[in-house]
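In this text, all values refer to a predicted model and were calculated from it rather than measured experimentally.
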Amino acid sequence: MRAMSLAEQLDTVTASTAGTVDRHATAQTFESTNPATGAVVGVFPVHDAAAVAETVEQARAAALAWADLGHDGRRARLTAFRGYLARRMHELADLVHRENGKPHADAILEITLAIDHLAWAGSHARKVLGPRRVPAGLLAANHTAHLEYRPLGVVGVIGPWNYPVFTPMGSIAYALAAGNAVVFKPSEHTPAVGAWLAAAWRAAVPDAADAFQVVTGDGSTGAALCRAGVGKLAFTGSAPTGRKVMAACAETLTPVLMELGGKDAMIVDDDADVAAAADAAVWGAMSNAGQTCIGIERVYATEAVYDRFVAEVTAKARDLRPGSDDDAAYGPMTMASQADVVRRHLDDATAAGGRVLVGGTVDGRYVSPTVIVDAPETSAAVCEETFGPTITIAKVRDAEEALERTNANAHGLAGAVYSGSRARAMDLARRMRSGMTSINSVLTFASVPALPFGGVGESGFGRIHGEDGLKEFTRAKAITRKRFSLPVDLMSFGRPAQATDALARVMGIVHGRHR
Ligand code: NDP
């Protein structure tokens, strides 16, 4: 059989999305375009509030059946889904390349990570969330105590465009594994990828097709999802939009998960492997055109290693070339407006005394690999999320000063420590004010499904991935069951007057001796 061309694949995706949403008729449409060429990638419906509400209602019905499947039933279907994704990985990677702009190889890496998380979530949900007995304690010794984590119903997921597969799947996979249905609103810049994922789900899991649906549109569609009565809203995006999402969700007391931006730092200590640190810094800062929430945006290198580190980084950065071809190191900025942010940060840094050692040019959507030194800590390039292929490097007295500067930022998503001493590195990592830190590598924590992912401060709250990520999409349910009656029931108006005196004496003996 002839392989489908990309254009045909996209037609299929667009048609299947339209099929999903035909039931929620909406006249308005929008186009997503290839950031490198401007070519139209797909045409998608703009779901208004009524269409979003209908989709959520449909998902609500599907959620009951999905929950009833139990952990084993869901695990089997999540396995089928990941099998489907793995078999069509190149097809999806082509689509990611065309709609987001990143190189095909980077798209493959992203999809691989998402599949691994799907596998972990599906196979660990029972152990992490399933019913268990817990000790009932002294006061309820005649009862058994039971704990389990129940699904929330429908989870709304709003995702960004920079990792259009991996990032939303961090919520979608864990929410589905926990027994919820999901309604996903992809970024208006990557709706085709979102639609492809939903179409893949319908094809791989036909008997629970409505358990994962997609609505498309702009911010107003996302806002409608916040108000649609979902059990939880998992948001990944910028802090300003996160605030709007929280405000909308507050109207209905809908709980939220906030995965927001970062300004992650790398600390390079005196005894670090400087060449390895430089290599990782360049990858961490510039892969995906720097559009990585956990990308390295600033480096603090100690006096002992600063000169060597800067020399290594500049040499490596000079070798990189952005483009849309197979050999390009990274692609164009996915959003034209992001190039303007990068330009503003560059101008601000140089106006304040920063020196551009490599790059510093913005040509349309292509930003050259850029290395900046001597930028003041107060400049936008050091304080604010740049989200471009740029890196600032500052010289510090020692690792303590590096940590102090790292922790002074309002964001706290992730970071990296390069050090030759295991104990020293662990100590710095623990004290770094962030949700995740990798030692002697960058971004590694994101590829460990058992580790939770999320930030502090301006980087948000709540966790995806790992046990915490499964529990994030559940409510803890506590149950006690009386095994036998005691002669005296303390929680009865019929209790004798001396009963609480006797209780006070027992508690005095058990606890009163502790000082
Ligand atoms: P935005 O905040 O602009 O948008 C995120 C999502 O929210 C998009 O789907 C967007 O839709 C939607 N949206 C916009 N307005 C509203 C609204 N009023 N109500 C509800 N939803 C709305 O972020 P970006 O897409 O630009 O993503 C980049 C940001 O995401 C960066 O700050 C990055 O650091 C962060 N990020 C964080 C990650 C993490 O895990 N912590 C991972 C990846 C990215 P539309 O696009 O259609 O406007």
Side-chain angles (χ1 to χ4, degrees), residues 13 59 66 74-75 77-89 91-93 95-96 99-100 102 106-125 154-187 189-205 208 211-216 232-237 257 259 288 291-294 436 443 445-454 462-470 472-473:
V13 163
W66 181 245
R74 289 193 293 272
R75 179 184 179 160
R77 285 157 182 83
L78 290 168
T79 301
F81 185 40
R82 83 175 130 99
Y84 188 98
L85 295 182
R87 288 191 297 280
R88 292 174 183 243
M89 200 183 295
E91 178 186 319
L92 178 55
L95 187 55
V96 171
E99 198 175 45
N100 160 286
K102 72 179 66 182
D106 285 355
I108 290 286
L109 186 59
E110 171 178 353
I111 297 163
T112 308
L113 289 173
I115 290 172
D116 206 33
H117 277 281
L118 255 174
W120 194 92
S123 59
H124 286 77
V154 180
V155 169
V157 174
I158 297 179
W161 42 265
N162 58 339
Y163 287 84
V165 177
F166 175 66
T167 296
M169 285 304 283
S171 293
I172 294 164
Y174 288 80
L176 285 170
N180 304 280
V182 170
V183 174
F184 169 40
K185 150 68 178 76
S187 164
H189 302 286
T190 50
V193 174
W196 192 99
L197 290 172
W201 173 265
R202 297 186 88 79
V205 190
F212 173 34
Q213 300 185 61
V214 160
V215 289
T216 51
K232 186 159 199 165
L233 197 294
F235 173 78
T236 308
L257 162 72
E259 294 287 351
N288 205 33
Q291 305 168 119
T292 303
C293 56
I294 47 173
M436 297 85 65
L443 321 191
F445 44 79
S447 64
V448 181
L451 283 177
F453 185 107
R463 293 293 182 264
I464 53 172
H465 302 175
E467 294 192 7
D468 299 83
L470 283 167
E472 189 74 44
F473 297 107

So do Gln291 and Trp161 actually touch side chain to side chain, heavy atoms under 4.5 Å? yes

Describe, in one word, how the ring planes of Phe212 and Phe81 are oriented to each other, choosing from parallel (under 30°), tilted (30 to 60°) and perpendicular (over 60°). perpendicular

Arg75 and Ser123, any side-chain heavy atoms less than 4.5 Å apart: yes

Donor-acceptor pair, distance only, cut-off 3.5 Å: does the side chain of Asn288 make one with the backbone of Asn162? yes

Met89 and Ile108, any side-chain heavy atoms less than 4.5 Å apart: yes

On a heavy-atom basis, the closest approach of Pro186 and Pro191 is CG-CA, 4.0 Å

Locate the shortest heavy-atom distance separating Phe473 from Ala234; write the atom from each residue and the value. CE2-CB, 3.9 Å

Taking Arg74 for its side chain and Trp66 for its backbone only, find out whether a donor-acceptor pair lies under 3.5 Å. yes

Beyond-backbone contact of Glu91 with Trp196, side-chain heavy atoms, under 4.5 angstrom: yes

Beyond-backbone contact of Leu197 with Leu85, side-chain heavy atoms, under 4.5 angstrom: yes

Are any side-chain N or O atoms of Asn180 and backbone N or O atoms of Val155, one a donor and one an acceptor, separated by less than 3.5 Å? no

Whether Arg87 side chain and Gly83 backbone form a donor-acceptor pair below 3.5 Å: yes

Do the side chain of Thr292 and the main chain of Ile294 share a donor and acceptor less than 3.5 angstrom apart? no

Does a sphere of radius 6.0 Å around CZ in Arg82 hold more than 12 heavy atoms from other residues, nucleotides or ligands, not counting ones at 6.0 Å or beyond? yes

Residues at least two apart in sequence or cross-chain that pass salt bridge (charged side-chain N to carboxylate O under 4.0 Å, His left out) with Glu110, listed by chain then number, are Lys102

Heavy atoms of Leu470 and Ala125 approach each other most closely as CD1-CA, 3.9 Å

Minimum heavy-atom distance Pro160-Ser187, with the two atoms named: C-CB, 3.7 Å

Taking Lys232 first and then Glu472, would you say they form a salt bridge - that is, a charged N and a carboxylate O separated by under 4.0 Å? yes

N/O donor-acceptor pair under 3.5 Å between Glu99 side chain and Ala192 backbone: yes

Are His117 and Tyr163 close enough that their ring centres sit under 6.0 Å apart? no

